[in-house]
Amino acid sequence: QMCIRDSPYPPLHELKPTVIFARASCIISGSDTINALAGMLMSPIHTALTRAHVTWQPILEACIQTLSPAYIENLSKQPWLPGFEMLFNAFSIALTDTHYILLGESPYPREASANGYAFWDAAVSGIWSETGLSTPTNRATSLRNFIKMLLVTNGMLGDDRSQPSIASLNKESLIHDLPTLFENMLAEGFLLLNASLVLSDKQPAIDARAWLPFMEILLKHIAIARPS
């Protein structure tokens with residue numbers, strides 16, 4: 001709530017409902033209002049930072065300092081993926097719960113697919129079909145190769161990694177929907193990190209160069225915080 005004291009102006013009930021004047025020095029505001037005003041002063045990238053797990057925020061704050069101010073300003077002026085709200089989604093798990101880093105290249109080039117996590121295509125639900133990989137899974141190159149890698153690692157696929165070969169597999173013991181697969185990976189402590197957190201329209205090389213110093217500092221901090 002807000003109250004006005006020692007004001008030279010008439011009581012509130014005597015004022016017309018159009019404009020209320022008050023000296024800034026006489027306004028006492030609650031903490032919610034102060035926080036809201038402070039938030040207005042934050043840049044979009046720092047607002048995005050607050051959505052990361054609190055254990056990552058000091059590290060990410062240091063990493064952000066390596067980004068060019070001009071580059072950050074341009075992000076506020078043009079469309080890019082996955083957008084500020086999902087920029088630091090990969091850091092949703094606690095630093096202390098992070099045991100592995102799975103490094104991708106950059107966000108998917110489709111708005112429905114890019115969600116801030118490496119390899120996780122948000123537009124894909126089912127992984128399999130009667131013909132092998134589902135059409136959405138098979139269409140996403142990075143995801144398709146990722147699933148095949150898992151099958152090879154588990155000894156279920158050999159040199160023949162074709163759709164018919166995948167279709168012939170017994171999948172009763174396998175996860176069938178993509179969100180469950182990646183949620184399980186997060187629970188196991190996987191940091192699903194892209195080398196570039198941003199994919200701008202027709203500027204992948206610029207984004208890759210811009211995020212390189214960020215990644216260098218990030219990996220150094222991780223090595224210190226999680227040496228084993």
Side-chain angles (χ1 to χ4, degrees), residues 39-95 97-124 137 139-149 178 182 185-186 189-227:
M40 294 173 64
L41 298 177
M42 296 177 65
S43 67
I45 196 168
H46 283 87
T47 301
L49 173 62
T50 63
R51 299 186 179 98
H53 194 279
V54 65
T55 54
W56 283 103
Q57 291 181 19
I59 292 176
L60 294 177
E61 178 65 44
C63 295
I64 287 175
Q65 304 307 314
T66 67
L67 296 174
S68 162
Y71 177 79
I72 295 176
E73 184 179 357
N74 285 335
L75 292 181
S76 302
K77 297 179 179 179
Q78 63 180 358
W80 51 273
L81 296 172
F84 280 115
E85 287 191 2
M86 295 182 283
L87 180 61
F88 296 116
N89 270 3
F91 303 96
S92 58
I93 61 174
L95 173 60
D97 294 333
T98 301
H99 305 296
Y100 315 97
I101 300 176
L102 188 61
L103 193 63
E105 181 180 346
S106 60
Y108 284 107
R110 300 172 295 278
E111 185 175 359
S113 299
N115 63 356
Y117 294 99
F119 297 100
W120 186 348
D121 190 326
V124 176
T137 301
R139 186 180 296 146
T141 305
S142 296
L143 178 60
R144 178 181 69 233
N145 292 335
F146 179 73
I147 298 297
K148 287 183 177 181
M149 177 197 70
L178 200 67
F182 281 97
M185 293 182 70
L186 294 177
F190 278 86
L191 181 65
L192 305 174
L193 182 65
N194 280 314
S196 172
L197 300 190
V198 165
L199 181 65
S200 302
D201 185 28
K202 300 178 182 178
Q203 299 184 71
I206 293 177
D207 294 321
R209 287 195 298 270
W211 287 93
L212 180 58
F214 178 101
M215 287 297 157
E216 291 176 341
I217 297 298
L218 174 64
L219 294 176
K220 287 179 181 179
H221 276 284
I222 293 176
I224 294 172
R226 305 287 290 152

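All of these numbers come straight from a predicted model, not from anything done at the bench.
The minimum heavy-atom distance between Y108 and L81, with the atom names listed, is O-CD1, 3.4 Å. Nearest heavy atoms, L186 versus I93: O-CG2, 3.8 Å. When all heavy atoms of A118 and G104 are compared, the closest pair comes out as CB-N, 3.9 Å. Between L95 and T55 the shortest heavy-atom distance is N-OG1, 2.9 Å. Considering every non-hydrogen atom in both H221 and I59, the closest pair reads CB-CG2, 3.6 Å. A pairwise comparison of heavy atoms in A94 and H53 identifies CB-CE1, 3.5 Å as the closest pair.
Under the 4.5 Å side-chain criterion, counting only non-hydrogen atoms from C-beta, S76 is in contact with F84. Put simply, the side chain of P109 reaches to within 4.5 Å of the side chain of L199, judged on heavy atoms. Inter-residue side-chain proximity for Q65 and I217 is flagged as unmet; no heavy-atom pair is nearer than 4.5 Å.
Note that the CG atom of L197 and the SG atom of C63 stand 9.5 Å from one another [nearest 0.5 Å]. Taken from CG in L103 to CZ in F119, the straight-line distance is 7.5 Å, to the nearest 0.5 Å. Atoms CZ and CD1, from R226 and I101 in turn, are 10.5 Å apart once rounded to the nearest 0.5 Å. The distance from atom CD1 of I45 to atom CD1 of I64, rounded to the nearest 0.5 Å, is 4.5 Å. How far CG of D207 is from CG of L212: 12.5 Å, rounded to the nearest 0.5 Å. In this structure, CG on D201 lies 14.0 Å from CH2 on W80, to the nearest 0.5 angstrom.
E216 CD: more than 12 foreign heavy atoms inside a 6.0 Å radius.
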Show your reasoning for whether side-chain contact (heavy atoms from CB on, under 4.5 Å) applies to L193 and L218.
-> CA-CA 11 Å; L193 182 65; L218 174 64; 3.7 Å; yes

Please lay out, stage by stage, how V198 and W211 fare under the test side-chain contact (heavy atoms from CB on, under 4.5 Å).
-> CA-CA 8 Å; V198 165; W211 287 93; 3.6 Å; yes

Apply side-chain contact (heavy atoms from CB on, under 4.5 Å) to R110 and D121, showing your working.
-> CA-CA 9 Å; R110 300 172 295 278; D121 190 326; 3.2 Å; yes

Decide yes or no on side-chain contact (heavy atoms from CB on, under 4.5 Å) for T50 and F88, but give the supporting numbers first.
-> CA-CA 9 Å; T50 63; F88 296 116; over 6 Å; no

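Take S106 and apply the side-chain hydrogen bond (donor to acceptor under 3.5 Å, both in side chains) test, not counting sequence neighbours, and it matches no residue. F182 pairs by the ring pair (Phe, Tyr, Trp, His ring centres under 6.0 Å) definition with W120, F146, not counting sequence neighbours. Listed by chain and number, the residues in a side chain to side chain contact (heavy atoms under 4.5 Å, CB included) with A122 are N115 (sequence neighbours excluded).
Within the structure, the salt bridge (charged side-chain N to carboxylate O under 4.0 Å, His left out) test picks out the following pairs touching residues 47-75 (sequence neighbours left out): E73-K77. The salt bridge (charged side-chain N to carboxylate O under 4.0 Å, His left out) pairs that include a residue from residues 78-91 number zero, where partners must be two or more places apart or lie in different chains. Residue pairs satisfying the side-chain hydrogen bond (donor to acceptor under 3.5 Å, both in side chains) criterion with at least one member in residues 140-149, sequence neighbours excluded, are absent.
Using the six-membered ring where Trp is involved, W56 and F91 have ring planes that are perpendicular, over 60° apart on the 30 and 60° scheme.
The closest donor-acceptor contact from the side chain of N194 to the backbone of S196 lies at 3.5 Å or more, if one exists at all.
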